[in-house]
Amino acid sequence: MASAVDPSGFPIVRCATCVAEVLGWLDLDRDDRTVVRCVVCSAIADAAAVRFGDLHAIEALGFGFVPPEAGCGRPDCGRGRCGRSDG
């Protein structure tokens, strides 16, 4: 791949099949080499078409991270035992 894999970043792909810049995902090819695939169509991206970005970069593409509804973060929160008040 043209870009080294950045463990703190998200793979962003210029997909030739979708003709768009989209989120990618890491996979292994038949020879166990790391490749990046398009999240929309699963096509393997050309190495020169891959870059890594942060959460802001993928949000600009229309993707994002939605945290699970876990309340305040306490392990017992969400089970009616949370003492935090939102009001």
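Position 1 is the first residue of the sequence, and the numbers go up from there.
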* Run the numbers on Trp25 and Cys38 for side-chain contact (heavy atoms from CB on, under 4.5 Å), then give the verdict. => CA-CA 7 Å; Trp25 56 281; Cys38 171; over 6 Å; no
Side-chain donor-acceptor contacts of residues 14-21 below 3.5 Å, not counting sequence neighbours, with atom names and distances?
unit_1	atom_1	unit_2	atom_2	d
Arg14	NH2	Ala48	O	3.3
Glu21	OE1	Arg51	NH2	3.4
Glu21	OE2	Arg51	NE	3.2
Glu21	OE2	Arg51	NH2	3.4

Over all heavy atoms of both residues, which pair between [X] and [Y] is shortest? Give the atoms and the distance, please.
| X | Y | value |
| --- | --- | --- |
| Val50 | Ala45 | CG2-CB, 3.9 Å |
| Phe10 | Ile58 | CB-CG2, 3.7 Å |
| Val13 | Arg37 | CG2-O, 4.3 Å |
| Pro11 | Val36 | CB-CG1, 3.8 Å |

* To do: Kindly say whether Arg33 contributes a backbone atom to a donor-acceptor pair with the side chain of Asp31 at under 3.5 angstrom?
  => no
* To do: Decide yes or no on side-chain contact (heavy atoms from CB on, under 4.5 Å) for Phe52 and Ile12, but give the supporting numbers first.
  => CA-CA 6 Å; Phe52 288 83; Ile12 298 171; over 6 Å; no
* To do: Go through the steps for Thr34 and Leu28 under the test side-chain contact (heavy atoms from CB on, under 4.5 Å), then give the verdict.
  => CA-CA 5 Å; Thr34 302; Leu28 296 176; 4.0 Å; yes
